[in-house]
Enquirer: 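This is the structure, below, for whatever I ask next.
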2 protein chains.
Amino acid sequence: MTGSRNFAAALARLKSAGLRPTKQRLALSKLLFEGGNRHITAEQLHVEARHQGVGVSLATVYNALHQFTETGMLREVVVDAGRSYFDTNVDEHHHLFYVDEGRLEDLPRDSVGLSDIPAAPIGCRVERVELIIRVRRAAG
Amino acid sequence: MTGSRNFAAALARLKSAGLRPTKQRLALSKLLFEGGNRHITAEQLHVEARHQGVGVSLATVYNALHQFTETGMLREVVVDAGRSYFDTNVDEHHHLFYVDEGRLEDLPRDSVGLSDIPAAPIGCRVERVELIIRVRRAAG
DNA sequence: AAAGTAGTTTAGAATTGATCTAATCTACTT
DNA sequence: AAGTAGATTAGATCAATTCTAAACTACTTT
Ligand SMILES: [Mn+2]
Ligand SMILES: [Mn+2]
Ligand SMILES: [Zn+2]
Ligand SMILES: [Zn+2]
């Protein structure tokens, strides 16, 4: 019952994004969007999928993550040179990054006072304002 | 005269960082710190050095950039997965990132109203607060 | 100044995350 | 059921970075 509702939700998400509901996309969509917000890398999602017996290649994971991002289901967050995180929370918000663990956590938009953002230079538009607080385990 | 003063300054920088003043480090230090603030990648700096006849390998450029960063002469800025930028401005400030060009520009700290930053979780300390405004050429 | 030592540089190999290719497969239309 | 556009995949490829270990050099000690 839960399974079928989740299936229906995943199906609806793909349908409204104009993506064919393949076995792989359905499985990845469920992994990503069931449960709370997630910040995950392609490799992590691939491992998770295989671990659940979902037959999906790494190339397909990358394809799906990019398609989900293009259609607004995900957003990409860059905090670490050489690794991209995909965020299931596409609302405006900020991030806490645990440098040691390579883990991202949401900060609600109103948890930070942010004002007077400079206007974009002429001929440009602001694509996004990213605020990342990098924290590290305190020494000692 | 200018040459010798620049040499003296580069020498002093390395000395105070506890790094041996090798030909390569002196040359890279001059390229980085003479003139205004810079945001540069390892590959870019390597090209620039070779272009000026400085014999330096890419591995050494990476070594030097990391050593300069560890000793506080540079700071690393992550805006693009798969490419690291090194910033000669180590004062607190923010960035404008021109996505199309892959170019970083400084925003003075007081050009943005930033307040009420959440405290670091217990056991952690805030290593840095990064604010990046991503801009893109306006369509049309 | 010569010798000794620890630190530095380097070419080239290796690694990593990501993308590409082109052959196979599948969801949807007719 | 057949046809077609779209999707998946293994494996090759790529770009940035790191590693390795041999040669070199700055500095210290005689
Ligand atoms: Mn990293
Ligand atoms: Mn990129
Ligand atoms: Zn988030
Ligand atoms: Zn800067």
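What you see is a predicted model; the values in this text were computed from it and never measured.
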Enquirer: For the side chain of Arg25(A) and the backbone of Arg20(A), is there at least one donor-acceptor N/O pair under 3.5 Å apart?
Expert: yes

Enquirer: Would you mind reading off the distance between Gln24(A) atom CD and dT8(D) atom P, rounded to a whole angstrom?
Expert: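 In whole Å, dT8(D) P and Gln24(A) CD are 5 Å from each other.
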
Enquirer: Categorize Gly18(A) for me: base, sugar-phosphate, or nothing, with a 4.0 angstrom heavy-atom threshold over every strand shown.
Expert: nothing

Enquirer: Please report the interatomic distance CG(Asn37(A)) to CG(Leu32(A)), rounded to the nearest 0.5 Å.
Expert: 11.0 Å

Enquirer: Just to verify, what does His93(A) make a ring-ring contact (aromatic ring centres under 6.0 Å, His included) with, not counting sequence neighbours?
Expert: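 Listed in chain order: His95(A).
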
Enquirer: First and last nucleotide of DNA chain C in contact with chain A, 5' to 3', at under 4.0 Å to a heavy atom: what are they?
Expert: dG17(C) to dC28(C)

Enquirer: Please check if the side chain of Gln44(B) supplies one atom and the backbone of Thr41(B) the other of a donor-acceptor pair under 3.5 Å.
Expert: yes

Enquirer: Which residues pass the side chain to side chain donor-acceptor pair (under 3.5 Å) test with His94(B), not counting sequence neighbours?
Expert: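 His94(B) satisfies side chain to side chain donor-acceptor pair (under 3.5 Å) with no other residue.
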
Enquirer: Listed by chain and number, what are the salt bridge (charged side-chain N to carboxylate O under 4.0 Å, His left out) partners of Glu127(A), not counting sequence neighbours?
Expert: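 For Glu127(A) the salt bridge (charged side-chain N to carboxylate O under 4.0 Å, His left out) partners, ignoring immediate neighbours, are Arg136(B).
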
Enquirer: For Arg134(B), which residues count as a side chain to side chain donor-acceptor pair (under 3.5 Å) partner, sequence neighbours excluded?
Expert: none

Enquirer: Determine, for nucleotides 11-27 of chain D in 5'-to-3' order, which nucleotides have protein heavy atoms under 4.0 Å from the base (write B), from only the sugar-phosphate (write S), or from neither (write -).
Expert: -----SBBB------BS

Enquirer: Donor-acceptor check, side chain of His46(B) to backbone of Ala42(B), threshold 3.5 angstrom: yes or no?
Expert: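 Side chain of His46(B) to backbone of Ala42(B): no pair is present.
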
